[in-house]
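One structure coming up, written as structure tokens, with questions to follow.
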Amino acid sequence: MISREEALDVYQQLRTIRSFEEKLDALVKAGRLPGFLHLYVGQEAVAVGVCAHLREQDVVNSTHRGHGHCIAKGVDLTGMMAELFGRATGICKGKGGSMHIADLDRGMLGANGIVGAGLPLTAGAALSASVKETGGVAVGFFGDGATNQGQFHEALNIAAVWKLPAIFVLENNGYGEASPTEFVTAVTDLAVRGKSYDMHSLVADGMDFFDVFEKAGEAIERARRGEGPTLLECKTYRFYGHFVGDPIGYRTDEELEYWKTNKDPLTLFIDKATERGLVRADALERIDAQVAAEIEAAVAAAEAAPFPDVADVLTDVYATE
Ligand SMILES: Cc1ncc(C[n+]2csc(CCOP(=O)(O)OP(=O)(O)O)c2C)c(N)n1
Ligand SMILES: [Mg+2]
């Protein structure tokens with residue numbers, strides 16, 4: 001169970017991710033923001049439900065759809081916006097962009113353009129936490145599409161054998177690009193794949209913050225106690241296309257409407273949290289206004305910031321001492 005204060009934090013993060021992504025969509029369509037963006041709208045409860053349990057020493061690996069994970073792990077919004085605009089003030093000095101946002105100070109090891117590539121990194125970070133006895137855990141977010149990648153199986157296998165403090169968070173949004181999951185995968189609950197590695201495996205309703213929060217909490221506590229990794233499948237849905245500009249010819253309007261009407265993670269959170277006496281409408285409205293202002297300020301700061309200097313093109317390419 002969460003406190004009233006925590007509930008407001010949760011709402012603030014859900015709202016920030018939603019509004020940040022909606023703003024990016026509008027900016028791209030207005031021709032103000034370049035780049036190839038994959039929006040996280042619809043999946044907010046997964047990132048927020050998992051990261052609500054994480055501490056400073058815990059690390060996260062993300063995907064091509066990574067903005068929500070970054071925000072939930074505490075990466076600075078203004079720095080993220082500037083990064084997306086390719087400006088020198090960006091979190092990676094404007095040289096990474098959407099699919100390469102990383103912030104090691106916040107335990108965000110990186111978004112990743114290579115499907116499945118965050119999973120061996122998650123196993124490695126969990127091994128590091130285990131060897132150094134930091135008490136930390138490593139979380140790897142990934143999609144249903146990544147479960148047909150060899151790296152998924154290799155990472156889960158070694159994590160299970162070595163009982164690593166890793167949580168593999170599978171965001172099953174029903175599609176890998178334009179392919180429905182059932183076209184490419186025979187099992188319905190992808191979590192069953194954990195069983196082949198004798199790994200603790202759970203299924204959560206990825207649209208319901210409270211369900212994700214409870215199951216992620218169980219997985220993270222197990223990992224902290226040294227009881228090994230978990231595969232946590234969160235059933236979710238993306239409200240936008242695969243990328244901004246996707247013509248979305250592979251799903252019906254009715255399907256999207258069903259999810260938006262019945263399973264919107266923000267609406268579900270507001271309803272449940274209100275019912276439990278955790279939040280009130282006036283406080284939520286204040287957060288909405290505050291988040292909107294913060295995002296507007298981030299856009300203004302990004303658009304006013306300089307581009308990286310050509311002289312810096314080769315810096316930050318290789319690790320130095
Ligand atoms: C190794 C690799 N293969 C293919 C691609 C192209 N690609 C980018 S995203 C994507 C679909 C990923 O689907 P999923 O893992 O379900 O994540 P989602 O986009 O649904 O969040 C593919 C095939 C890639 N980036 N990397
Ligand atoms: Mg998917």
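FYI, side chains are in, hydrogens and waters are out, and symmetry mates aren't considered; it's all heavy atoms of this structure. Numbers for residues simply follow the sequence, beginning at 1. Just follow the structure's listing: the first ligand is 1, and inside any ligand the first atom is 1. On a predicted model such as this, the values are computed, not experimentally measured, just so you know.
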Quick check on Gln149 - does any of its heavy atoms sit under 4.0 Å from an atom of ligand 1?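 For ligand 1, residue contact (heavy atoms, under 4.0 Å) with Gln149 is present.
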Just let me know how Tyr175 lines up against ligand 1, side chain, backbone, both or neither, with a heavy-atom cut-off below 4.0 Å.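 Looking at Tyr175 and ligand 1, just backbone atoms fall under 4.0 Å.
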Ring of Tyr40, cation from Arg238 - is the NZ or CZ under 6.0 Å from the centre and inside 45° of the axis?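 No, a cation-pi geometry is absent between Arg238 and Tyr40.
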Below 4.0 Å, non-hydrogen atoms only: which portion of Asn173 touches ligand 1? Side chain, backbone, both or neither.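 Looking at Asn173 and ligand 1, just side chain atoms fall under 4.0 Å.
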Heavy-atom contacts with Arg65 under 4.0 Å: which atoms of ligand 1 show up? List them by number with element.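 Here the atoms of ligand 1 in question are 18 (P), 19 (O), 21 (O).
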Hey, what's the angle at the Mg ion (ligand 2) spanning OD1 (Asp144) and OD1 (Asn173), nearest 10 degrees?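 The two atoms subtend 80° at the Mg ion (ligand 2).
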Quick one: which ligand 1 atoms are inside 4.0 Å of a heavy atom on Gly145?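 Those of ligand 1 that fall under 4.0 Å from Gly145 are 13 (O), 14 (P), 15 (O), 16 (O).
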Check each of Asn148, Leu170, Thr63, Val115 against atom 5 (C) of ligand 1 and report the one with the nearest heavy atom.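 It is Val115 that holds the nearest heavy atom.
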Asn172 N/O/S atom closer than 2.8 Å to the Mg ion (ligand 2):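 Asn172 does not place any N, O or S atom closer than 2.8 Å to the Mg ion (ligand 2).
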Which heavy atom of the protein is the closest neighbour of atom 13 (O) of ligand 1, given with residue, atom name and distance?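 Scanning the protein heavy atoms, the shortest distance from atom 13 (O) of ligand 1 goes to Gly176 CA, 3.3 Å.
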Please work out which of the three classes, parallel, tilted or perpendicular, describes the rings of Phe213 and Phe209, given edges at 30° and 60°.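 Taking Phe213 first and then Phe209, their aromatic rings lie parallel (interplane angle under 30°).
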Verify same cluster id: Leu170, Ile158 (apolar side-chain graph, 4.5 Å):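 Not linked; separate clusters.
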Has the side chain of Asn148 got a donor or acceptor atom that lies under 3.5 Å from a matching backbone atom of Gly145?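 A pair under 3.5 Å: no.
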Does a side chain donor of either Glu255 or Tyr237 reach within less than 3.5 Å of an acceptor in the other side chain?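 Yes.
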With under 30° as parallel and over 60° as perpendicular, where do the rings of Phe269 and Phe210 fit, or are they tilted in between?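 Taking Phe210 first and then Phe269, their aromatic rings lie parallel (interplane angle under 30°).
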Check each heavy atom of His242 against ligand 1 and say whether those closer than 4.0 Å belong to the side chain, the backbone, both or neither.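 Under 4.0 Å from ligand 1, His242 contributes side-chain atoms alone.
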What about Leu164 and Met199, same hydrophobic cluster or not, with Ile/Leu/Val/Met/Phe/Trp/Tyr joined at side-chain heavy-atom distances under 4.5 Å?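 Result: no, two separate clusters.
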As an exercise, identify every atom of ligand 1 less than 4.0 angstrom from a heavy atom of Ala146.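 Within the 4.0 Å cut-off of Ala146, ligand 1 contributes 15 (O).
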In the protein, what heavy atom is nearest to atom 25 (N) of ligand 1, and what distance, to one decimal place, separates them?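 Heavy-atom neighbour on the protein nearest atom 25 (N) of ligand 1: Gly113 O, 2.8 Å.
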Backbone or side-chain N or O of Glu177 under 3.5 Å from ligand 1 N or O: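 Checking ligand 1 against Glu177, an N or O pair does fall under 3.5 Å apart.
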Measuring from atom 12 (C) of ligand 1, which candidate in Met99, Gln151, His64 has the nearest non-hydrogen atom?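 That would be His64.
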Connected via hydrophobic side-chain network under 4.5 Å: Met99 and Leu77: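 No: no chain of side-chain contacts under 4.5 Å links Met99 to Leu77.
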Please verify the inter-ring angle class for Phe141 with His69; under 30° counts as parallel, over 60° as perpendicular, anything in between as tilted.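 Ring orientation of Phe141 relative to His69: parallel.
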